[in-house]
Protein chains: 2
Amino acid sequence: MARYDVQMTMEKPYHHGDLRSALLAAAESELLEKGVEAFSLRSVAKRAGVSHAAPAHHFGDATGLLTALAAYGFQEFLATQHAFEARAPQTPRDQLIAAGLGYVGFARTRPALFKLMFGSQRTDYSDAALGSAAEAAIGHLTSQVKLVGSVAAQDVAAVWATAHGLADLIIAGRISVIRDFSEDDLQAMLATILARSLPGV
Amino acid sequence: MARYDVQMTMEKPYHHGDLRSALLAAAESELLEKGVEAFSLRSVAKRAGVSHAAPAHHFGDATGLLTALAAYGFQEFLATQHAFEARAPQTPRDQLIAAGLGYVGFARTRPALFKLMFGSQRTDYSDAALGSAAEAAIGHLTSQVKLVGSVAAQDVAAVWATAHGLADLIIAGRISVIRDFSEDDLQAMLATILARSLPGV
DNA sequence: CCTCTATCTTGACAGTGTCAGGATAGATGG
DNA sequence: CCATCTATCCTGACACTGTCAAGATAGAGG
């Protein structure tokens with residue numbers, strides 16, 4: 001009977017079907033709860049319902065899994081920036097600020113991924129997938145700055161550092177004043193600070 | 001003979017004398033070489049020449065050691081900012097920028113400590129020593145902003161985020177353009193970016 | 001139908017943090 | 001001067017970790 005087959009399948013199929021994606025999702029949850037430092041590969045495997053050595057075949061070792069997760073994170077990161085830009089006015093300056101807001105927004109929505117991507121030593125940036133994904137995300141910000149009119153490396157560094165600093169401090173819970181802010185007020189404050197980092201054209 | 005006694009003492013005294021300080025120093029070296037995630041308490045003990053359980057009596061567990069190290073880090077952090085300020089002009093604005101340069105300077109000089117203080121989950125900020133040390137360092141920056149004339153929380157967040165973002169991205173090696181910069185050019189660029197984060201009084 | 005290959009499991013190993021109990025040495029009080 | 005006391009450090013054990021080797025399973029292709 002089909003019903004029985006399904007139940008068998010649900011219970012314990014030898015081949016998972018999409019273990020790679022399941023492990024990535026489990027790893028993000030693991031990071032969110034325990035942090036990068038207490039990350040356990042065996043615990044991730046248990047979350048996905050497979051044996052402790054199953055991840056090895058898909059990712060090699062723990063660094064391989066975290067590297068793949070970081071690469072996925074940069075894709076999401078770029079997508080978030082694009083989503084923010086789509087809702088903003090189409091002037092270069094507004095678009096750049098929207099990218100900055102997306103930068104911070106991603107960090108607040110996926111803090112585990114953000115910390116992995118920017119604050120961890122357990123990722124291998126010589127990996128092709130991670131390298132190109134990271135370069136795409138950073139290149140986007142750079143091109144946005146150029147569209148505003150600046151070609152100075154100093155201006156890229158300024159807006160990037162401002163967005164990054166805001167993101168990092170906020171998800172660390174260190175900017176305590178924003179607790180009393182509404183979401184709109186917070187966005188307005190972030191936009192003001194980001195705008196200030198641009199050369200005052 | 002005194003000489004023999006000294007040699008005996010150098011070889012293997014049962015009581016270390018200043019094991020607490022030795023462990024903190026060894027821990028910073030360990031962090032610098034391996035990173036926070038690969039940090040090993042047993043390896044730190046081996047560096048200090050004691051058994052693997054010796055740190056427990058001084059720090060409780062691994063988190064206790066890293067917490068104490070972070071508290072020490074915030075003292076050094078504040079001292080670095082003061083050192084930068086001492087060499088700068090005595091105007092409020094120059095003093096604040098000097099504090100920001102000290103912020104980045106500390107991160108570049110002691111990256112392991114900086115990452116531990118701002119990017120790790122293995123520190124206990126409910127600890128009294130760490131809490132007060134961190135508050136002292138952050139309170140300093142806040143008071144510097146107020147001296148410039150601003151009382152808006154937004155301005156504190158702006159200059160803090162800018163300094164923090166620059167520090168974090170630089171020690172992560174992500175701002176690649178600075179590789180071609182001389183030290184003076186780098187300081188000038190940082191000062192320009194930091195100055196931009198202030199309200200344009 | 002039979003092999004081939006990708007996928008997953010089991011079992012083992014060295015290394016980790018932490019706890020319990022014992023050894024040592026400097027300090028304290030008689 | 002000596003006995004005890006306490007802080008300091010060591011040894012041994014436990015559960016847990018990541019990784020490797022070898023075997024089991026199932027789907028795919030000839």
Side-chain angles (χ1 to χ4, degrees), chain A residues 4-27 29-31 33-69 116 120-124, chain B residues 4-27 29-31 33-69 116 120-124:
Chain A
Y4 184 72
D5 283 353
V6 169
Q7 202 165 348
M8 286 290 290
T9 305
M10 301 276 294
E11 270 180 7
K12 195 73 183 178
Y14 198 94
H15 288 301
H16 183 283
D18 196 9
L19 182 56
R20 192 189 147 88
S21 300
L23 286 173
L24 288 174
S29 301
E30 176 88 355
L31 285 181
E33 294 176 16
K34 298 189 183 175
V36 199
E37 283 119 353
F39 176 85
S40 161
L41 194 59
R42 287 173 109 105
S43 175
V44 170
K46 196 171 292 180
R47 272 175 196 267
V50 292
S51 80
H52 63 265
H57 190 269
H58 291 274
F59 300 102
D61 55 2
T63 299
L65 204 177
L66 292 173
T67 298
L69 186 57
L116 175 68
S120 175
Q121 318 272 75
R122 301 188 66 177
T123 46
D124 177 19
Chain B
Y4 184 72
D5 283 353
V6 168
Q7 204 165 348
M8 287 289 290
T9 304
M10 299 277 294
E11 270 180 5
K12 195 74 184 181
Y14 198 93
H15 290 300
H16 183 282
D18 196 9
L19 181 57
R20 192 188 146 88
S21 300
L23 285 173
L24 288 175
S29 301
E30 177 87 356
L31 285 181
E33 294 177 14
K34 299 188 183 177
V36 199
E37 282 119 351
F39 177 84
S40 161
L41 193 58
R42 286 173 109 106
S43 175
V44 170
K46 195 172 292 182
R47 271 174 196 267
V50 292
S51 79
H52 63 266
H57 190 269
H58 292 274
F59 300 103
D61 54 3
T63 301
L65 202 177
L66 292 174
T67 297
L69 186 57
L116 176 68
S120 174
Q121 318 271 71
R122 301 189 67 178
T123 46
D124 177 19

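Letters go in sequence order (proteins before strands), and every chain restarts at 1.
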Length of the line joining R20(A):CZ and dC8(C):P, which is rounded to integer Å: 12 Å
Measure CG/L19(A) against P/dT25(D) and give the value in whole Å, please. 19 Å
For K46(A), all residues meeting salt bridge (charged side-chain N to carboxylate O under 4.0 Å, His left out), sequence neighbours excluded: none
Please state whether the phosphate of dT8(D), meaning OP1 or OP2, lies under 4.0 angstrom from any side-chain nitrogen or oxygen of H57(B). yes
Which protein N or O atoms sit under 3.5 Å from an N or O of nucleotides 10-14 of chain C?
unit_1	atom_1	unit_2	atom_2	d
dG11(C)	O6	H52(A)	NE2	2.9

d(CG, L41(A); P, dC20(D)) in whole Å: 12 Å
Could you tell me how far apart H58(A) (NE2) and dT5(C) (P) are, to the nearest whole angstrom? 18 Å
L23(B) CG to dT8(D) P: how many Å, rounded? 12 Å
Name all residues meeting the salt bridge (charged side-chain N to carboxylate O under 4.0 Å, His left out) criterion together with R20(A); count only those two or more places apart in sequence or in a different chain, and write none if there are none. none
List the residues meeting side chain to side chain contact (heavy atoms under 4.5 Å, CB included) with A54(B), not counting sequence neighbours, and say none if there are none. L19(B), V50(B), S51(B)
Scan for salt bridge (Lys or Arg N to Asp or Glu O under 4.0 Å) pairs involving residues 53-67 of chain B, sequence neighbours excluded, and state none if there are none. none
Determine, step by step, whether T67(B) and F59(B) satisfy the side-chain contact (heavy atoms from CB on, under 4.5 Å) criterion, reporting the C-alpha distance in whole Å, the side-chain angles of both residues, the deciding distance to 0.1 Å, and the verdict. CA-CA 9 Å; T67(B) 297; F59(B) 300 103; over 6 Å; no
Round to the nearest Å and state the distance from F59(B) atom CZ to dC9(D) atom C1'. 14 Å
Would you compute the distance between atom CG of L65(A) and atom CG of L24(A) and round it to the nearest 0.5 angstrom? 6.0 Å
Atom pair distance, as rounded to whole Å: CG in D18(A) and P in dT7(C): 11 Å
E33(B): side chain to side chain donor-acceptor pair (under 3.5 Å) partners, not counting sequence neighbours: R47(B)
Starting from the 5' end of DNA chain D, give me the residue, A56(A) or K34(A), whose nearest nucleotide shows up first. K34(A)
For DNA chain C, the residues among residues 60-68 of chain B that have a non-hydrogen atom under 4.0 Å from it: D61(B), A62(B)
Euclidean distance, atom CZ of residue R122(B) to atom C1' of dT18(C) [Å, nearest integer]: 13 Å
Please name all residues satisfying side chain to side chain donor-acceptor pair (under 3.5 Å) with S21(A), sequence neighbours left out, ordered by chain then number. D18(A)
Salt bridge (charged side-chain N to carboxylate O under 4.0 Å, His left out) with E37(A): which residues, sequence neighbours excluded? none
S43(B) vs dT16(C): side-chain N/O to OP1/OP2 distance below 4.0 Å: no
